[in-house]
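Written below as structure tokens is the structure these notes are about.
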Amino acid sequence: MTLPLIPNYPAIDLHCHFNSGALGDVEPTKNHFRDLPFFQKTYQRLNILASVQTTYPSVMRSDGIYEENLRLQEMTRTTENLFQWAVLDPRQPALFPQVADLLKTDKVLGIKIHSVCHGYSILEYGDAIFSFANDHRATVVMHPDRIADMVAFADKYPQMRLIIAHLDDEEHVEAMAAAKHRNIYTDTSGGASVANNALEYAVETVGADRIFFGTDSYAVPFQKGRILLSSISEEDKQKILLGNALRCFPKLDAWLNRQKKLPY
């Protein structure tokens, strides 16, 4: 029996984190490396052209975010295929002008929030976050928190794009379907690689156009293989792995067009 060849379509990892060495960093273990060089080697092998990252300290702790945003910005200047989410904690006024400035740069694609790890109520601070994003026509990536309640925010602020990460159950799909401006998206990082029909159900229900590929740093080959070996169409696989990111983020599309050839 001859097995069919699986096309290794190019991809962009839209959701990942790495160690920066700052206070509160997550320690690597013998079987879970989290530093940027490890990811870069893995990406090269797997035809992953670029990644959009935050540092672990910036999402795991609420102190030091300002400094971590600057640290990552400097790293994007020296790492060609590295892009950034600017982390925002709405309780820290100094972060709003910083994030606004970062959004104007070529390597920052949007805003990352983590109400769970940072320890605030997304319902209490949602208007502050999403009105700011709406004013800047920005994308917000959030860890799942009160998913059903996010529909009201998405409807209230139609100029922002909200990515509710870690697709893993019907609640993500229901929120995407309910958003009247179609401005709720998701990514495949984390749970989507474990739930055995989450991806297929989402594509069948709301289509592939609002689903991005992400790893969240967990077993990158496994995460990409989850897409490549899924039962969705080849066209939809390519949308999720790369096409949606290029369509929704002109900075990524412009970067790829500037390359003389694909980086890998």
Side-chain angles (χ1 to χ4, degrees), residues 1-19 26 28-54 56 79 81-83 85 109 141 143-144 163-173 176 185-249 252 256 261-264:
M1 179 180 178
T2 302
L3 296 176
L5 293 176
I6 305 299
N8 189 19
Y9 298 125
I12 289 177
D13 184 351
L14 213 71
H15 182 158
C16 198
H17 315 284
F18 69 94
N19 294 126
V26 178
T29 67
K30 291 181 179 180
N31 66 351
H32 190 181
F33 296 101
R34 301 179 175 94
D35 62 358
L36 189 59
F38 178 83
F39 287 120
Q40 292 288 70
K41 290 178 183 178
T42 306
Y43 290 150
Q44 184 171 359
R45 182 164 54 86
L46 295 177
N47 199 22
I48 296 175
L49 309 179
S51 66
V52 192
Q53 302 262 4
T54 54
Y56 265 110
T79 306
N81 62 343
L82 178 63
F83 291 79
W85 299 113
L109 298 192
V141 182
H143 183 84
I163 303 174
I164 304 176
H166 311 319
L167 167 70
D168 67 356
D169 60 25
E170 294 92 338
E171 195 172 16
H172 282 81
V173 178
M176 294 168 70
Y185 293 64
T186 191
D187 68 39
T188 63
S189 66
S193 296
V194 178
N196 67 4
N197 198 49
L199 177 63
E200 290 81 358
Y201 174 73
V203 171
E204 178 184 353
T205 305
V206 296
D209 290 343
R210 288 184 283 157
I211 304 173
F212 299 109
F213 171 64
T215 68
D216 200 32
S217 87
Y218 292 101
V220 176
F222 172 79
Q223 300 267 0
K224 189 175 182 187
R226 174 67 178 90
I227 312 299
L228 293 174
L229 295 169
S230 67
S231 60
I232 64 178
S233 71
E234 298 303 301
E235 179 184 1
D236 285 342
K237 292 175 188 178
Q238 293 176 78
K239 284 182 178 181
I240 292 168
L241 289 168
L242 181 64
N244 292 340
L246 298 181
R247 173 176 54 84
C248 292
F249 297 98
L252 286 175
L256 191 57
K261 58 182 180 179
L262 291 180
Y264 307 121

Can you list the steps and then say if Leu242 with Tyr9 is a side chain to side chain contact (heavy atoms under 4.5 Å, CB included)?
CA-CA 8 Å; Leu242 181 64; Tyr9 298 125; over 6 Å; no
Asn81 and Leu49: CA distance, side-chain angles, deciding distance, side chain to side chain contact (heavy atoms under 4.5 Å, CB included) verdict:
CA-CA 7 Å; Asn81 62 343; Leu49 309 179; over 6 Å; no
[X] side-chain N/O to [Y] backbone N/O, donor-acceptor pair under 3.5 Å:
X      : Y      : result
Thr29  : His32  : yes
Asp187 : Leu14  : no
Trp85  : Cys16  : no
Asp236 : Val203 : no

Identify the two heavy atoms, one from Phe39 and one from Arg34, that lie closest to each other, and give their separation to 0.1 Å.
CE1-O, 3.6 Å
Distance-minimising heavy-atom pair for His172 and Ala165:
NE2-O, 2.8 Å
Distance, nearest 0.5 Å, that separates [atom1] of [X] from [atom2] of [Y]:
X      : Y      : atom1 : atom2 : answer
Ile211 : Thr186 : CD1   : OG1   : 7.0 Å
Ser230 : Ile240 : OG    : CD1   : 6.5 Å
Tyr185 : Leu167 : OH    : CG    : 15.0 Å
Ser217 : Asp35  : OG    : CG    : 11.0 Å
Ile48  : Thr42  : CD1   : OG1   : 8.0 Å

Please walk me through it: do His166 and Ser189 pass side chain to side chain donor-acceptor pair (under 3.5 Å)?
CA-CA 5 Å; His166 311 319; Ser189 66; 2.8 Å; yes
Side chains of Asp13 and Gln53 only: does a donor on one sit below 3.5 Å from an acceptor on the other?
no
Which residues satisfy the ring-ring contact (aromatic ring centres under 6.0 Å, His included) test with Phe222, sequence neighbours excluded?
none
Run through His143, Gln223, His17 and flag the one making a side chain to side chain donor-acceptor pair (under 3.5 Å) with Asp216.
His17
What's the verdict on salt bridge (charged side-chain N to carboxylate O under 4.0 Å, His left out) for Lys237 and Glu200, showing C-alpha distance, side-chain angles and the deciding distance?
CA-CA 11 Å; Lys237 292 175 188 178; Glu200 290 81 358; over 6 Å; no
Just checking His15 against Phe213, ring centres under 6.0 Å apart?
no
Measuring centre to centre across the rings, with the benzene-like ring taken for any Trp, is Phe212 within less than 6.0 Å of Phe249?
yes
Any pair counted as side chain to side chain donor-acceptor pair (under 3.5 Å), so long as it reaches residues 204-214, sequence neighbours left out
Asp209-Lys239
Side chains of Gln238 and Pro10: does their closest heavy-atom pair fall under 4.5 Å?
no
If you apply the rule side chain to side chain donor-acceptor pair (under 3.5 Å), what do you find for Asn8 with Lys224, and how did you get there?
CA-CA 9 Å; Asn8 189 19; Lys224 189 175 182 187; 2.7 Å; yes
Step by step, work out the side chain to side chain contact (heavy atoms under 4.5 Å, CB included) result for Phe83 and Ser51.
CA-CA 6 Å; Phe83 291 79; Ser51 66; over 6 Å; no
Step by step, work out the side chain to side chain contact (heavy atoms under 4.5 Å, CB included) result for Thr188 and Arg226.
CA-CA 9 Å; Thr188 63; Arg226 174 67 178 90; over 6 Å; no
